[in-house]
Number of protein chains: 2
Amino acid sequence: MFRGRFEHALDAKGRLSVPVYFRELLATHYDERLIVTNFDGCLWAYPMAEWMEIEQKIAQLPQFKEEVKALQRVFVSGAAECPLDKAGRILLPPALRDYAGILREVTLVGATRRIELWARERWVVVFNGAQSALNDMGERLAGLGL
Amino acid sequence: MFRGRFEHALDAKGRLSVPVYFRELLATHYDERLIVTNFDGCLWAYPMAEWMEIEQKIAQLPQFKEEVKALQRVFVSGAAECPLDKAGRILLPPALRDYAGILREVTLVGATRRIELWARERWVVVFNGAQSALNDMGERLAGLGL
DNA sequence: CGTGTTCGAAACGTCCTCTAAACATATATA
DNA sequence: TATATATGTTTAGAGGACGTTTCGAACACG
């Protein structure tokens, strides 16, 4: 399970060094392949095995439903395989970088089954938003069974 | 189960010495690893085993729900492992200190399954707030089955 | 009232991990 | 063959992590 936050920077070639902590998780619980896709104004990175499960589920959904088509057109079509190189870095395709507004500074966000990649400036906004959302959703949160 | 209140202070490197009482609880009922995360303007510290249960539950929730994403972005992404060192201290990462407004003085609050860490000034306010809240919530309190 | 013990705070000092940047090599394309 | 793009390697140094010791205050006990 991914958790924790890390501040990294792309190198001149658009490569992002994955934090050692995540690398070790990947090495011990998964393989070293990540699938990265676009969503919510940031990038979602999944270990291959997790991604396959999700893809499988999407494939079972009614293919003519609007929300399914939309999901496929954004979430599935954006997906790119980004294997870790020998220095523990991943190369982020330009299209994904553009989508997420990533130029150099990236905040890596451990989010249980995925890692989110945010352009630093966007993350600040989103984090505060999420926090106030949690306050406003007290009851719904309680409903989650935690 | 954690209970009681303690007033401690960080050292120059941001380390917090955990009260002996909590240390002994950890040693006898858990292992010596704590997961610390940010919530409600303070820090929540869980024994690893407790944390894993919560994380597990979060992983089972619908990942596209707003409240789940918010929870992951605040609660899960804030989580850092803070093992006890040989002097019974934990190192609080700067990001967590900032979040909780902790500079030096910390109030450690035993809260059953977790320990809360508060910046002293905030704690005073929150404690009084909780007190009046208890008065206003007589009925809801009764509904808890105690 | 004095003594001893426990525990937290402070002050040092060292080690070493990790990232980022720079450099080098390979591969592909024109 | 030359140039651009992708991939790999190396290095340095900054920052963080960790351990130890000493001091002092608080407390308990005789």
Side-chain angles (χ1 to χ4, degrees), chain A residues 2-28 31-34 36 45 80-98 102-110 115 117-120 123, chain B residues 2-28 31-36 43 45 48 78-99 102-110 115 117-120 123:
Chain A
F2 301 102
R3 56 174 166 262
R5 266 194 305 268
F6 305 85
E7 311 275 6
H8 282 195
L10 296 192
D11 71 9
K13 283 143 193 166
R15 294 178 293 187
L16 176 70
S17 104
V18 174
V20 172
Y21 172 68
F22 287 158
R23 273 185 238 166
E24 281 167 359
L25 270 180
L26 289 169
T28 57
D31 59 11
E32 314 245 302
R33 290 179 303 162
L34 282 174
V36 182
E81 183 172 344
C82 301
L84 291 184
D85 70 15
K86 297 201 170 167
R89 298 168 299 192
I90 55 176
L91 177 64
L92 295 179
L96 290 179
R97 267 185 271 160
D98 289 350
I102 291 173
L103 296 175
R104 225 187 76 86
E105 305 199 300
V106 177
T107 302
L108 294 103
V109 179
I115 301 166
L117 310 181
W118 288 91
R120 180 90 95 260
W123 170 250
Chain B
F2 302 101
R3 55 174 164 268
R5 263 195 313 269
F6 304 86
E7 310 275 5
H8 282 196
L10 296 192
D11 70 9
K13 281 148 191 162
R15 293 178 292 189
L16 175 71
S17 104
V18 174
V20 173
Y21 172 66
F22 288 158
R23 274 186 235 167
E24 282 167 359
L25 270 179
L26 289 170
T28 57
D31 59 13
E32 314 244 302
R33 289 179 304 162
L34 284 174
I35 295 272
V36 182
L43 305 180
M48 179 61 87
E81 184 172 341
C82 301
L84 291 184
D85 70 14
K86 296 201 171 167
R89 298 170 299 190
I90 56 175
L91 176 65
L92 294 180
L96 290 179
R97 270 183 270 158
D98 289 350
Y99 175 90
I102 292 174
L103 296 176
R104 227 188 71 86
E105 306 199 300
V106 177
T107 302
L108 295 103
V109 179
I115 302 166
L117 311 181
W118 288 91
R120 179 92 94 259
W123 170 250

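Sequence lines set the chain letters: A, B, ... in the order given, protein chains first and strands last, and positions in each chain run from 1.
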Round to a whole Å and report the spacing from [atom1] of [X] to [atom2] of [N].
{"X": "B:Leu16", "N": "D:dA17", "atom1": "CG", "atom2": "P", "result": "15 Å"}
{"X": "A:Leu92", "N": "D:dA6", "atom1": "CG", "atom2": "P", "result": "13 Å"}
{"X": "B:Leu91", "N": "D:dG19", "atom1": "CG", "atom2": "P", "result": "11 Å"}
{"X": "A:Lys86", "N": "D:dT7", "atom1": "NZ", "atom2": "P", "result": "12 Å"}
{"X": "B:Ile90", "N": "C:dG8", "atom1": "CD1", "atom2": "C1'", "result": "14 Å"}

Quiz prompt | Between CG on residue A:Leu16 and CG on residue A:Leu108, distance to nearest 0.5 Å | solution =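 Those atoms lie 5.0 Å apart.
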Self-check item: Pairwise distance CG(A:Leu10) to CG(A:Leu103) - rounded to 0.5 angstrom
Solution: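 So the CG of A:Leu10 and the CG of A:Leu103 are separated by 8.5 Å.
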Between the protein and nucleotides 27-30 of chain C, are there any N/O to N/O pairs under 3.5 Å, and if so, what are the atom names and distances?
none

Exercise. List for me each residue that meets side chain to side chain contact (heavy atoms under 4.5 Å, CB included) alongside A:Asp31, sequence neighbours excluded, and say none if there are none.
Key: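 For A:Asp31 the side chain to side chain contact (heavy atoms under 4.5 Å, CB included) partners, ignoring immediate neighbours, are A:Arg33, A:Met48.
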Quiz item: Can you list the residues that meet the side chain to side chain contact (heavy atoms under 4.5 Å, CB included) rule with B:Ala79, with sequence neighbours excluded?
Solution: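 Here the qualifying residues are A:Arg3, B:Ile35, B:Thr37, B:Trp51.
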Self-check item: With sequence neighbours excluded, residues passing ring-ring contact (aromatic ring centres under 6.0 Å, His included) with B:Tyr21
Solution: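 Applying ring-ring contact (aromatic ring centres under 6.0 Å, His included) to B:Tyr21 gives none.
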Quiz item: Under the ring-ring contact (aromatic ring centres under 6.0 Å, His included) test, which residues partner B:Phe2, sequence neighbours left out?
Solution: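 So B:Phe2 forms a ring-ring contact (aromatic ring centres under 6.0 Å, His included) with B:Phe22.
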Practice problem: Map A:Asp85 and B:Leu84 onto DNA chain D by nearest heavy atom, then report which one ends up closer to the 5' terminus. | Solution: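 Going by which nucleotide is closer to the 5' end, it is A:Asp85.
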Exercise. Determine which pairs satisfy salt bridge (charged side-chain N to carboxylate O under 4.0 Å, His left out) with at least one residue from residues 5-21 of chain B, sequence neighbours left out, and list them in order.
Key: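 Only B:Glu7-B:Arg120, B:Asp11-B:Arg15, B:Asp11-B:Arg89 qualify under salt bridge (charged side-chain N to carboxylate O under 4.0 Å, His left out).
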Practice problem: Begin from the C-alpha positions of A:Asp85 and A:Leu91 and carry the test side-chain contact (heavy atoms from CB on, under 4.5 Å) through to its verdict. | Solution: CA-CA 8 Å; A:Asp85 70 15; A:Leu91 177 64; over 6 Å; no
Quiz item: Taking C-beta and beyond as the side chain, do A:Leu117 and A:Leu92 meet within less than 4.5 Å on heavy atoms?
Solution: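 Side chain of A:Leu117 against side chain of A:Leu92, heavy atoms only: contact under 4.5 Å found.
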Self-check item: Validation row: B:Val18, B:Ile90 side chains within 4.5 angstrom (heavy atoms)
Solution: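 Yes, close enough: below the 4.5 Å cut-off.
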Exercise. Note down the inter-axis angle between the two ends of the helix from C:dC1-D:dG30 to C:dA30-D:dT1, five pairs each, to the nearest 10°.
Key: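 For the helix from C:dC1-D:dG30 to C:dA30-D:dT1, the axes at either end differ by 20°.
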Self-check item: A:Trp118: partners by side chain to side chain donor-acceptor pair (under 3.5 Å), with sequence neighbours left out
Solution: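 Checked A:Trp118 against side chain to side chain donor-acceptor pair (under 3.5 Å); matches are A:Glu116.
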Practice problem: Any chance you could list the contact pattern along nucleotides 12-21 of chain C? Use B for base contacts, S for sugar-phosphate-only contacts and - for none, protein heavy atoms under 4.0 Å, 5' to 3'. | Solution: BB----SSSS
